[in-house]
Asks: 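Submitted below is the structure of interest, expressed as structure tokens.
Throughout, protein chains are lettered first and strands after them, A, B, ... in sequence-line order, and every chain is numbered starting at 1.
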2 protein chains.
Amino acid sequence: MEQLDQHNLRITKQRQLILDELCSVTSHPTADELYQMVRKRLPKISLGTVYRNLEILSDCGIIQKLDIGGTQKRFDGNASTHYHVRCSRCGRVDDLSIPPDFNVEKTASRLTRFKILRHRLEFTGLCPDCQS
Amino acid sequence: MEQLDQHNLRITKQRQLILDELCSVTSHPTADELYQMVRKRLPKISLGTVYRNLEILSDCGIIQKLDIGGTQKRFDGNASTHYHVRCSRCGRVDDLSIPPDFNVEKTASRLTRFKILRHRLEFTGLCPDCQS
DNA sequence: CTTTTCTGTAGGAATGGTTACTATTTTTAC
DNA sequence: GTAAAAATAGTAACCATTCCTACAGAAAAG
């Protein structure tokens with residue numbers, strides 16, 4: 001992955017595989033779910049390695065760490081700003097195809113002395129499966 | 001508190017005090033911070049009681065549980081929809097006086113099969129103290 | 001090519017926020 | 001006042017995440 005090169009990160013089997021698996025999926029998996037996925041191809045990888053690499057990759061802005069309710073954090077292979085819906089019953093997280101509105105950051109800047117760096121819009125609701 | 005009556009919650013010293021302290025403050029404290037606050041007036045209260053009541057009160061919609069990054073959850077005595085800024089360096093959370101935009105919920109509804117229940121807009125940035 | 005240095009790894013132990021459990025006390029309805 | 005229901009304090013357990021240690025392989029230097 002050229003993304004790894006750009007950040008001077010070594011390309012290790014583990015790192016590459018974690019990134020590949022995360023990017024191949026739209027389900028916003030938890031660290032543990034990703035660990036199970038990666039283990040199918042690399043059974044000896046440790047959960048600690050998964051956590052460490054997810055941390056590194058999100059620090060570099062290659063992936064996104066989602067802190068979106070529930071006890072576990074979730075991860076998103078798509079690092080660009082976009083919005084999410086989360087099912088309050090089963091925890092499922094989907095992407096939402098609303099175009100991100102960066103004007104709110106300007107509006108917010110006028111109303112606070114914080115230096116605004118980014119924003120996050122999240123919806124809570126019931127997924128199709130949980131509505132019945 | 002008439003809010004407690006309305007939800008058929010028993011009015012205990014502990015519950016009342018937790019709610020009072022939380023509502024008297026705009027700092028969005030963590031459970032542990034609130035525990036320290038309440039302990040000044042009721043030294044024998046247990047941390048478990050604080051957690052249990054915060055859970056109950058937020059389930060009833062009397063307060064708000066904020067899942068806003070960082071390792072700990074934060075609590076807000078203002079249960080109505082409003083937006084927050086969080087300092088990525090020190091964790092401080094402030095309210096933002098942007099009028100909430102409920103239209104985004106309608107927009108989102110059109111773009112997903114989820115039944116939208118609520119939304120949350122959060123900003124990340126640097127607080128005045130951390131900008132230097 | 002060989003040695004040294006550096007980075008990343010696995011695996012397990014430790015941490016810390018939160019929740020669950022239990023015996024006891026408090027609240028509320030009658 | 002009394003009994004039933006619910007809440008409490010205190011402690012133990014839980015579980016997601018982070019930290020630690022010894023080790024292995026790659027990169028850099030000689």
Asks: Let me know the distance between CD of A/Q16 and C1' of C/dT9, rounded to the nearest Å.
Replies: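 Checked: the CD to C1' distance equals 16 Å.
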Asks: Check this one for me: any side-chain N or O of B/R10 less than 4.0 Å away from OP1 or OP2 of C/dT26?
Replies: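 Answer no for this pair, as no side-chain N or O of B/R10 is under 4.0 Å from OP1 or OP2.
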Asks: In Å and rounded to the nearest 0.5 Å, what is the CG to OG1 distance from A/D94 to A/T26?
Replies: 7.5 Å
Asks: Consider the side chain of A/Q72, meaning its heavy atoms from C-beta on, and name the nucleotide among D/dA16, C/dT18, D/dA7 that approaches it most closely.
Replies: D/dA16
Asks: Counting the atoms with a prime plus P, OP1 and OP2 as sugar-phosphate, which does B/L47 contact under 4.0 Å by heavy atoms, base, sugar-phosphate, or nothing?
Replies: base
Asks: Do any side-chain nitrogens or oxygens of B/N53 fall under 4.0 Å of OP1 or OP2 in D/dT8?
Replies: yes
Asks: Take atom CG of B/D32 and atom C1' of C/dG16, then tell me their distance rounded to the nearest Å.
Replies: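 Going from B/D32 (CG) to C/dG16 (C1'), I get 10 Å.
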Asks: Could you go through the side chain to side chain donor-acceptor pair (under 3.5 Å) check for A/S80 and A/N78 one step at a time?
Replies: CA-CA 6 Å; A/S80 64; A/N78 175 2; 2.8 Å; yes
Asks: Need to verify one output field. Residue with the more 5' nearest nucleotide on DNA chain C, B/K73 or B/K13?
Replies: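 So the residue in question is B/K73.
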Asks: Please determine if A/E21 and A/K40 form a salt bridge, counting it only when a charged side-chain N lies under 4.0 Å from a carboxylate O.
Replies: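 Salt bridge flag = no for A/K40 with A/E21.
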Asks: Side chain of B/R52, base of D/dA7: donor and acceptor closer than 3.5 Å?
Replies: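 Side chain to base: no pair below 3.5 Å.
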Asks: Could you pull out all residues at least two apart from A/Q131 that satisfy side-chain contact (heavy atoms from CB on, under 4.5 Å)?
Replies: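 Residues passing side-chain contact (heavy atoms from CB on, under 4.5 Å) with A/Q131: A/L126, B/K115.
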Asks: Looking at C/dT19, C/dT18, D/dT17, which one has an atom nearest to any side-chain atom of A/A31?
Replies: D/dT17
Asks: In whole angstrom, give the distance that lies between atom CZ of B/R15 and atom C1' of C/dT28.
Replies: 13 Å
Asks: Using 0.5 Å steps for rounding, measure from the CD1 atom of A/I68 to the OG1 atom of A/T124.
Replies: 7.5 Å
Asks: Specify the separation, in whole Å, of atom CD1 of B/I56 and atom C1' of C/dT27.
Replies: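 That distance rounds to 14 Å.
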Asks: State which of D/dA9, C/dT9, C/dG11 makes the closest approach to the side chain of A/Q14.
Replies: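 Of the candidates, C/dT9 comes closest.
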Asks: At under 4.0 Å, does any side-chain N or O of B/T12 touch on OP1 or OP2 of D/dT8?
Replies: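 For D/dT8, OP1/OP2 do have a side-chain N/O of B/T12 under 4.0 Å.
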Asks: Counting only side-chain nitrogens and oxygens, does B/K44 get under 4.0 Å of the OP1 or OP2 atom of D/dG10?
Replies: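 For D/dG10, OP1 or OP2 has a side-chain N or O of B/K44 closer than 4.0 Å.
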Asks: Would you say a side-chain N or O of A/Y51 is under 4.0 Å from OP1 or OP2 of D/dT17?
Replies: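 Affirmative; the distance criterion is met.
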Asks: What integer distance in Å separates B/I45:CD1 from D/dT11:C1'?
Replies: 16 Å
Asks: Can you tell me the distance, in whole Å, between the CD atom of B/E33 and the P atom of C/dT18?
Replies: 11 Å
Asks: Could you tell me the separation between the CG atom of B/L17 and the C1' atom of D/dA7, rounded to a whole number of Å?
Replies: 15 Å
Asks: With clusters defined by side-chain heavy atoms of hydrophobic residues (ILVMFWY) lying less than 4.5 Å apart, directly or transitively, does B/Y51 cluster with B/I62?
Replies: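 Yes, one cluster joins them.
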Asks: When the distance from CG of A/L34 to P of D/dT17 is rounded to whole Å, what number comes out?
Replies: 12 Å
Asks: Name the closest nucleotide to the A/E55 side chain, picking from D/dT18, C/dG17, D/dA6.
Replies: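 Out of D/dT18, C/dG17, D/dA6, the nucleotide with an atom closest to A/E55's side chain is D/dT18.
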Asks: Look at the side-chain N and O atoms of B/T49 and state whether any lies under 4.0 Å from the OP1 or OP2 oxygen of D/dA9.
Replies: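 Looking at the OP1 and OP2 atoms of D/dA9, one of them is under 4.0 Å from a side-chain N or O of B/T49.
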